[in-house]
A.B. asks: 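Structure incoming, see below.
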Amino acid sequence: MDEWQIEQKALVEEIRRTCSQSSLVKVIGAPDINSLRVSALMLAFTDKERTTLQVRKQMTAAIIIQLALDTHDQIAPILTEITQKDQLIALAGDYFSGMYYRTLAEAGCIHYVSMLAEAVKQVNEMKTALHQKECTSSADVFHTVRVIESNIIRAVCVENEADDNLIEAMSLLLTAERLRNEMENPFIVYGVLLHMLNHSSHVIDEIKSYLYELESSILMHIQKLDKQTAAVVQAEYDRIFDRELRYAEEG
Amino acid sequence: MNIKLIYSLMKADIDLIEKELERAVKSHSPILEEASVHLLKAGGKRIRPVLLLLGAKFGEYDIHRIKYAAAALELIHMASLVHDDVIDDAVIRRGEKTVKAKWDNRVAMYTGDFIFAAALECMAQIDDPEVHQILSHTMTELCIGEIVQIQDKYRYDQHLRDYLRRIKRKTAILIGTSCQLGAITAGAPAHVHRKLYEFGYNVGMSFQITDDILDFTGSEKELGKPAGSDLLQGNITLPVLYAMEQDELRSRIVDVSAHTDRRDINEIIFLLKQSDAIERSNELSRRYLHRALAILDELPPGRHQNSLREIAHFIGRRKY
């Protein structure tokens with residue numbers, strides 16, 4: 001395991017510790033921290049910045065608020081009977097929202113509260129538009145997914161004046177990761193596309209075609225990054241697009 | 001001074017807060033805005049903002065600063081209500097369809113998250129770290145209170161202290177915080193804002209106990225839901241804890257589940273009202289109220305002190 005992975009693992013653990021609540025963990029399990037988002041945040045700061053308490057709290061809060069929003073997606077639109085697990089999922093999201101605020105409040109990062117809240121509002125606007133099937137084309141759906149998946153990370157990166165190519169590459173990677181997950185385990189995006197395109201094979205074709213576009217855009221942005229950053233982003237790219245597997249298959 | 005007079009004296013400031021609330025929930029999403037405005041228009045007594053304004057009168061009162069904290073508190077309360085309706089599977093609130101009933105669960109979750117973010121945007125206008133530390137702590141405690149409440153459902157072996165700890169987190173801390181934040185935001189000294197927290201905390205405890213009593217003594221029309229709904233949902237409230245001290249009632253109550261017949265619930269309510277459970281619950285509610293009033297007497301005297309006293313009495317006297 002290289003230094004980057006060790007640092008990433010430590011941060012994931014720190015975030016998990018911050019937002020774990022014993023009663024919730026017993027019923028709904030430990031929070032699932034997305035390592036790609038953690039990488040994206042780490043790259044938005046320098047090695048030195050990442051050792052400061054304030055930056056660690058800022059990264060932690062950004063991951064926790066995303067976790068809150070993702071958790072609430074798990075509540076089905078219509079339920080014949082709400083179970084205790086559903087109720088705790090709803091409350092887990094609220095608890096994470098509270099913890100994001102508390103993390104920043106304790107670190108005295110009030111400007112971050114406001115900046116992330118603005119991003120959260122936009123994410124919820126997009127989630128509502130997607131859920132209500134307001135998108136008029138698959139391109140519109142993919143753009144909406146991109147905002148949903150990357151708006152919070154983007155807000156942190158922009159605030160910290162990170163490299164535009166890094167922001168774009170990570171935003172596209174997060175979109176790609178969500179779409180690949182939807183192909184394997186159909187969820188909200190798949191459902192909306194199915195409603196629009198009427199046939200599951202058309203949905204898969206549409207997603208594959210968009211992923212193909214994303215691959216070339218991501219590679220273009222990676223080429224413009226400094227060597228160290230490019231190596232981390234390339235590794236994430238390889239993981240998401242199963243590059244290692246494809247390299248092996250292609251011999 | 002009665003409660004209507006207090007509200008009329010503060011009308012101009014409450015109107016400013018209403019404007020702030022409307023501004024805060026403006027959205028590019030027509031549904032999110034409609035759902036949020038739907039909640040705003042459903043009314044409510046705006047008790048938390050009013051307590052915050054009165055708390056601020058103990059310092060240098062500047063409505064253009066404290067309106068952000070007042071609006072944020074009301075928005076946080078609204079966000080929790082819209083999520084609570086999903087958790088409780090509630091179709092009607094304050095005589096209006098809930099967001100989850102009008103749209104669906106997911107829209108309700110997104111609306112709550114949107115309103116919560118709007119609340120924090122509003123709150124972030126105030127740059128005092130202590131204010132944020134207190135409010136954020138309150139919010140996580142509020143959530144833990146709700147989590148514990150769900151886990152304690154239909155658990156009949158609980159004690160008075162479990163109930164008191166639960167209502168402290170669920171209700172009392174936010175009311176205490178409302179009074180305290182007003183005072184801190186207005187720069188009141190620490191001993192004053194801490195006393196205001198204690199006052200609000202005790203009022204909140206009294207308020208929640210009264211609420212739990214009304215679930216048995218109120219009519220369906222007054223409550224907006226059938227009497228005994230808490231019991232049917234497995235919430236072990238103070239009247240139930242007292243009633244269970246009687247063997248006959250205890251054996252009836254421990255059989256209650258989500259599928260219990262309405263006739264059986266009505267019989268339990270009848271028996272519970274015949275017992276001393278309501279009177280004993282009222283007595284504890286009054287004790288919290290008296291404690292709140294005693295704390296108030298330790299604060300600097302003035303018209304706002306009388307207003308807080310009147311609000312405390314109003315909460316103690318309320319019938320629904």
A.B. asks: Look at atom CD of Q158(B) and say whether more than 12 heavy atoms of other residues, nucleotides or ligands are closer to it than 6.0 Å.
C.D. replies: yes
A.B. asks: Can you see whether D104(B) engages H131(A) through a side-chain donor-acceptor pair at a distance of less than 3.5 angstrom?
C.D. replies: yes
A.B. asks: Which bit of I126(B) comes within less than 4.5 Å of chain A, counting heavy atoms only: side chain, backbone, both or neither?
C.D. replies: backbone
A.B. asks: Taking side chain as everything from C-beta outward and backbone as N, CA, C, O, which of these in I188(A) sits under 4.5 Å from a heavy atom of chain B? Side chain, backbone, both or neither.
C.D. replies: side chain
A.B. asks: Just do the side-chain contact (heavy atoms from CB on, under 4.5 Å) check on I82(A) and V86(B) with the steps written out, would you?
C.D. replies: CA-CA 8 Å; I82(A) 188 147; V86(B) 173; 4.2 Å; yes
A.B. asks: Please classify the contact between V123(A) and chain B as side chain, backbone, both or neither, with a heavy-atom cut-off of under 4.5 Å.
C.D. replies: neither
A.B. asks: Go through the steps to decide whether L91(A) and I147(B) satisfy the test side-chain contact (heavy atoms from CB on, under 4.5 Å), and finish with yes or no.
C.D. replies: CA-CA 7 Å; L91(A) 287 172; I147(B) 292 163; 3.9 Å; yes
A.B. asks: Please round to the nearest 0.5 Å and tell me the distance separating atom CG of L120(B) and atom OG of S97(A).
C.D. replies: 8.0 Å
A.B. asks: Report which part of E134(A) has an atom under 4.5 Å of a heavy atom belonging to chain B: side chain, backbone, both, or neither.
C.D. replies: side chain
A.B. asks: Any chance NZ of K168(B) has more than 12 other-residue heavy atoms, nucleotides or ligands included, within less than 6.0 Å?
C.D. replies: no
A.B. asks: Can you tell which part of Y100(A) gets under 4.5 Å to a heavy atom of chain B, answering side chain, backbone, both or neither?
C.D. replies: side chain
A.B. asks: Return the CG to CG distance between N124(A) and D113(B), rounded to the nearest 0.5 Å.
C.D. replies: 5.0 Å
A.B. asks: So how far is it from Q87(A) CD to D89(B) CG, rounded to the nearest 0.5 Å?
C.D. replies: 9.0 Å
A.B. asks: Give the member of I115(B), L135(B), L142(B) that has the highest number of heavy-atom pairs under 4.5 Å with chain A.
C.D. replies: L135(B)
A.B. asks: Once you round to the nearest 0.5 Å, how far does OG1 of T138(B) lie from CZ of R102(A)?
C.D. replies: 9.5 Å
A.B. asks: Go through the atoms of F116(B) and report whether side chain, backbone, both or neither lie under 4.5 Å from a heavy atom of chain A.
C.D. replies: side chain
A.B. asks: By a 4.5 Å heavy-atom criterion (distance strictly below it), what part of Q132(A) contacts chain B: side chain, backbone, both, or neither?
C.D. replies: side chain
A.B. asks: So, does Q151(B) use its side chain to make a donor-acceptor pair with the main chain of S23(A) at under 3.5 Å?
C.D. replies: yes
A.B. asks: Check each atom of H83(B) against the heavy atoms of chain A and say whether the ones under 4.5 Å are side chain, backbone, both or neither.
C.D. replies: side chain
A.B. asks: Is it the side chain or the backbone of I150(B) that comes within 4.5 Å of chain A heavy atoms, both, or neither?
C.D. replies: both
A.B. asks: Considering non-hydrogen atoms only, spot the tightest contact between A105(A) and S136(B) and give its length.
C.D. replies: CB-OG, 3.6 Å
A.B. asks: Kindly indicate whether the side chain of R106(B), heavy atoms from C-beta on, has any atom under 4.5 Å from the side chain of I75(A).
C.D. replies: no
A.B. asks: What option among M139(B), K100(B), E141(B), H137(B) has the most heavy-atom pairs under 4.5 Å with chain A?
C.D. replies: H137(B)
A.B. asks: Which value, rounded to the nearest 0.5 Å, describes the distance between Q133(B) atom CD and L104(A) atom CG?
C.D. replies: 11.5 Å
A.B. asks: Against chain A, work out which of Q125(B), M109(B), E146(B) has the most heavy-atom pairs shorter than 4.5 Å and name it.
C.D. replies: M109(B)
A.B. asks: Under a 4.5 Å heavy-atom cutoff, which of L88(A), D86(A), L79(A) has the most pairs with chain B?
C.D. replies: L88(A)
A.B. asks: Applying side-chain contact (heavy atoms from CB on, under 4.5 Å) to I144(B) and Q21(A), what does each step give before you reach the verdict?
C.D. replies: CA-CA 9 Å; I144(B) 294 171; Q21(A) 203 279 336; 4.0 Å; yes
A.B. asks: Side chains of V113(A) and M123(B), heavy atoms from C-beta outward: is any pair under 4.5 Å?
C.D. replies: no
A.B. asks: Could you tell me which non-hydrogen atom of T128(A) sits nearest to which non-hydrogen atom of S29(B), and how far apart they are?
C.D. replies: CG2-OG, 3.9 Å
A.B. asks: With only heavy atoms counted, which part of D94(A) is less than 4.5 Å from chain B, the side chain, the backbone, both or neither?
C.D. replies: both
A.B. asks: Taking atom OH of Y110(B) and atom NE2 of H72(A), what is their separation to the nearest 0.5 Å?
C.D. replies: 10.5 Å
A.B. asks: Among A129(A), A76(A), G108(A), which has the most heavy-atom pairs under 4.5 Å with chain B?
C.D. replies: A76(A)
A.B. asks: Can you tell which part of A90(A) gets under 4.5 Å to a heavy atom of chain B, answering side chain, backbone, both or neither?
C.D. replies: both
A.B. asks: Do we see a donor-acceptor contact under 3.5 Å between the side chains of S114(A) and E121(B)?
C.D. replies: no
A.B. asks: Cut-off 3.5 Å, side chains only: do H132(B) and Y101(A) have a donor facing an acceptor?
C.D. replies: yes
A.B. asks: Quick check on K153(B) against chain A: is it the side chain, the backbone, both or neither that has a heavy atom closer than 4.5 Å?
C.D. replies: side chain
A.B. asks: Between A92(A) and chain B, which part of the residue has a heavy atom less than 4.5 Å away: side chain, backbone, both or neither?
C.D. replies: neither
